[in-house]
Enquirer: 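Right, I'll just put the structure down here and ask away after.
From a predicted model like this one, the values you see are computed outputs, not experimental measurements. Just so it is clear: chains get the letters A, B, ... in the order the sequence lines come, proteins before strands, and each one is counted from 1. Reckoned from all heavy atoms, side chains included, excluding hydrogens, waters and symmetry mates.
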Number of protein chains: 2
Amino acid sequence: MAQALHDAETAASFDPDEVEQITRAAWHYYNDGLTQNEIADVLGVSRIKISRLLEKGRQTGLIELRINAPHAGCLTLQKQLITAFGLVDARVVPSANNLPVVPRIGRAAASFLMQKLEPNDLLAIGWGETVATALRYAAPVFPQNNISLVSLTGGVSAYVGTTGLHGPQSNAHLIPTPLRVSSQELAQMLRVEPYVRYVLDMAATARMALVGVGVVSNAATLVRYGYCTSTELEVFARRGAVGDILGYFYDAQGEIIDFDIHRHVVAIGVEDLRRIPNRAAAAAGLQKVDAILGLLRGRLANILITDQATAEELLRRGN
Amino acid sequence: MAQALHDAETAASFDPDEVEQITRAAWHYYNDGLTQNEIADVLGVSRIKISRLLEKGRQTGLIELRINAPHAGCLTLQKQLITAFGLVDARVVPSANNLPVVPRIGRAAASFLMQKLEPNDLLAIGWGETVATALRYAAPVFPQNNISLVSLTGGVSAYVGTTGLHGPQSNAHLIPTPLRVSSQELAQMLRVEPYVRYVLDMAATARMALVGVGVVSNAATLVRYGYCTSTELEVFARRGAVGDILGYFYDAQGEIIDFDIHRHVVAIGVEDLRRIPNRAAAAAGLQKVDAILGLLRGRLANILITDQATAEELLRRGN
DNA sequence: TCATCTATTGATCATTTGAACATATTACGG
DNA sequence: CCGTAATATGTTCAAATGATCAATAGATGA
């Protein structure tokens, strides 16, 4: 079910030799200001190879570009979000009307993680496209700092697989089940499976979580990947659901509504989630404003990564 | 005396409008992958302007490029340095034979500072070319995180002036005297001047210090800027001096030697310096190996930022 | 007020760069 | 052992970029 959430175009390489080459090239290129040709001479390879090494470095997050001055307008928005919703932190990326939202937010989330995570930290991840994108950018760096991953729900292995976070050196503990299964009984059985239990317990100890926010509409990722039908969502919406987190639907105040589907979900409980001290939600888009508002009101997340337009709308409608 | 340590070519601008423009441009360029032309259209300015904004952003450190995987060979060296000399941390930049050393080490030091300093921190700075370069790169970012600067010695104002760290928003407390004055009496009078006293006391409370390492040879920066004569240095060398820190000369074991000049220096005392928990020395070059060895043996610094060749030589000769 | 000087902006062009294509090399299944 | 596919490397070329020079606006001082 929904196996190939993302095609594996970006399977990152961890060949130490290549990492060394990339680093060396990057150093010369960005710090020393050499041209690709000069680096090629120094390292004794062809120019195009340098070009490709640099490209790969940027893709994988090995080379990270940090903008040290928060965009003035957005800095204000960040502060406003923090105070208006009592957040721990917030990131607002400048708006860009006709650029796809997910990669932009994903990058911002990756950047946030790289800034906040400390060596040996444990990062818990939820389900969703934005989370997947963020991981794609941030994950290659994790082995360096010995950062471990743990999933908050089933169904994430599909897209973690595309981040290159496999192999002996990686440290990813993923719940090996779908997000939702067909019956309450099966879900319960899976939850008490030793390894599943183990991962869920570990997830509850994470210091930082990154989750996505689901909307209640046909466009929901849950629908697109077959975990829900549009019909179900219509019912949920009629009963007051505005969004979902980890497969749990909540109302405008962020209260989890009692739906059957919640007992079909293989995921950490909401109470446990709330005990994770840093819960970052990455989401943007005007269609998500209601969902985000509920999320923040219910303190299901206390960190928000979004874009300018969404932030403005949140502030207009919020509180 | 030695006023223009560096020409003011890089006087950074803090026009908030420009910072915003740079940020916006950088975001589109590096995160969204737009071309300069496209950004020019979006922001409504000429393409060449975007090019210049980006250039300025990189120069001033507003746009920071971080390489997330330590160079493999150098990572080893870093670890070896840390264990061999009992350091708190170390940075080793890859060697590049015919590139000037100072800017490379300076950038590495700036990068180190930006990584380690936390908002509202106080950074103490010593005297020297490398420190000046590091500041040039790192300083523009400080107002953002409300990082304050304090000088450990006199004579730094000359080069801090070139970092744009002036004006109301900046927070730089500099000792308004030369590094060395002509008599013991004058030095003593200056040290008890209220403002000088105040700055020295404040410096002693810093959590992080960045200092340079002076060699005992004609090439010493102290000589070039007129604080010492070659003749003096010859005498010092004959009496066992291998290097200087903040104007204090020490022997191969890092013991401060008792010289008259030390009483002519307006600087924090060595004991107070040693009480600063993180003392980073930035220096590279084979001619500095003896000086660095002494420095580390005497624990005058417990963090070292250097290059590959120097690190290897240190390890060969050290301990 | 004018002249001069400086700083900013704009245009041109050589260099640098990445994308598209072509080729070689290696891995793999029959 | 061969053929096929997948991967890596090399070549060519158009796009993108930054340096240089010219022009303009703005500041400074007599």
Enquirer: Does A/Glu313 pair with A/Lys288 as a salt bridge, N-O distance under 4.0 Å?
Expert: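 No, no charged N to carboxylate O under 4.0 Å.
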Enquirer: Identify the 5'-most and 3'-most nucleotides of DNA chain D with at least one atom closer than 4.0 Å to a non-hydrogen atom of chain A.
Expert: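 The footprint of chain A covers D/dT9 to D/dT11.
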Enquirer: For A/Ser148 and A/Leu122, indicate whether the former's side chain and the latter's backbone hold a donor-acceptor pair under 3.5 Å.
Expert: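 A pair under 3.5 Å: no.
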Enquirer: Examine distances only and state if a side-chain atom of A/Glu312 and a backbone atom of A/Ala309 form a donor-acceptor pair shorter than 3.5 Å.
Expert: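 Flag not set: sc A/Glu312 to bb A/Ala309 has no pair under 3.5 Å.
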Enquirer: Expressed in angstrom and rounded to an integer, what is the separation of A/Leu54 atom CG from C/dT16 atom P?
Expert: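 My rounded result for the distance is 15 Å.
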Enquirer: Verify, without hydrogens or angle tests, whether A/Gln78 (side chain) and A/Val92 (backbone) share a donor-acceptor contact under 3.5 angstrom.
Expert: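 Confirmed, A/Gln78 side chain pairs with A/Val92 backbone.
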Enquirer: Pull out every protein N or O sitting under 3.5 Å from an N or O of nucleotides 10-13 of chain C, one pair per line with the distance.
Expert:
unit_1 : atom_1 : unit_2  : atom_2 : d
C/dG10 : OP2    : B/Ser46 : OG     : 3.2
C/dG10 : N7     : B/Arg52 : NH1    : 3.4
C/dG10 : O6     : B/Arg52 : NH2    : 2.9

Enquirer: Hey, is the main chain of B/Glu129 close enough, under 3.5 Å, to the side chain of B/Thr133 for a donor-acceptor pair?
Expert: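 Yes: the side chain of B/Thr133 pairs with the backbone of B/Glu129.
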Enquirer: Should the pair B/Glu55-B/Arg52 be classified as a salt bridge under the 4.0 Å nitrogen-to-oxygen rule?
Expert: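 No, no charged N to carboxylate O under 4.0 Å.
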Enquirer: Are the side chain of B/Thr130 and the backbone of B/Gly106 linked by a donor-acceptor contact shorter than 3.5 Å?
Expert: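 Judged by distance alone, no pair lies under 3.5 Å.
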Enquirer: Starting from the first five and the last five pairs of the helix from C/dT1-D/dA30 to C/dG30-D/dC1, work out the angle between the resulting helix axes, to 10 degrees.
Expert: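 Nearest ten degrees gives 30° for this helix.
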Enquirer: Check whether any side-chain heavy atom of A/Gln80 sits under 4.5 Å from a side-chain heavy atom of A/Leu77, and report yes or no.
Expert: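 Answer yes - side chains close enough.
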Enquirer: Is a side-chain donor or acceptor of B/Thr221 paired with a backbone partner of B/Gly128 at a separation under 3.5 angstrom?
Expert: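 No; judged by distance alone, with no hydrogens or angles, the pair does not exist.
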Enquirer: Considering only NZ, NE, NH1 and NH2 on the basic side and carboxylate oxygens on the acidic side, decide whether A/Arg104 and B/Asp32 come within less than 4.0 Å.
Expert: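 A salt bridge links A/Arg104 with B/Asp32.
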Enquirer: Measure the distance from CG on A/Leu34 to P on C/dT17 and round it to the nearest whole Å.
Expert: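 Answer to the nearest Å: 10 Å.
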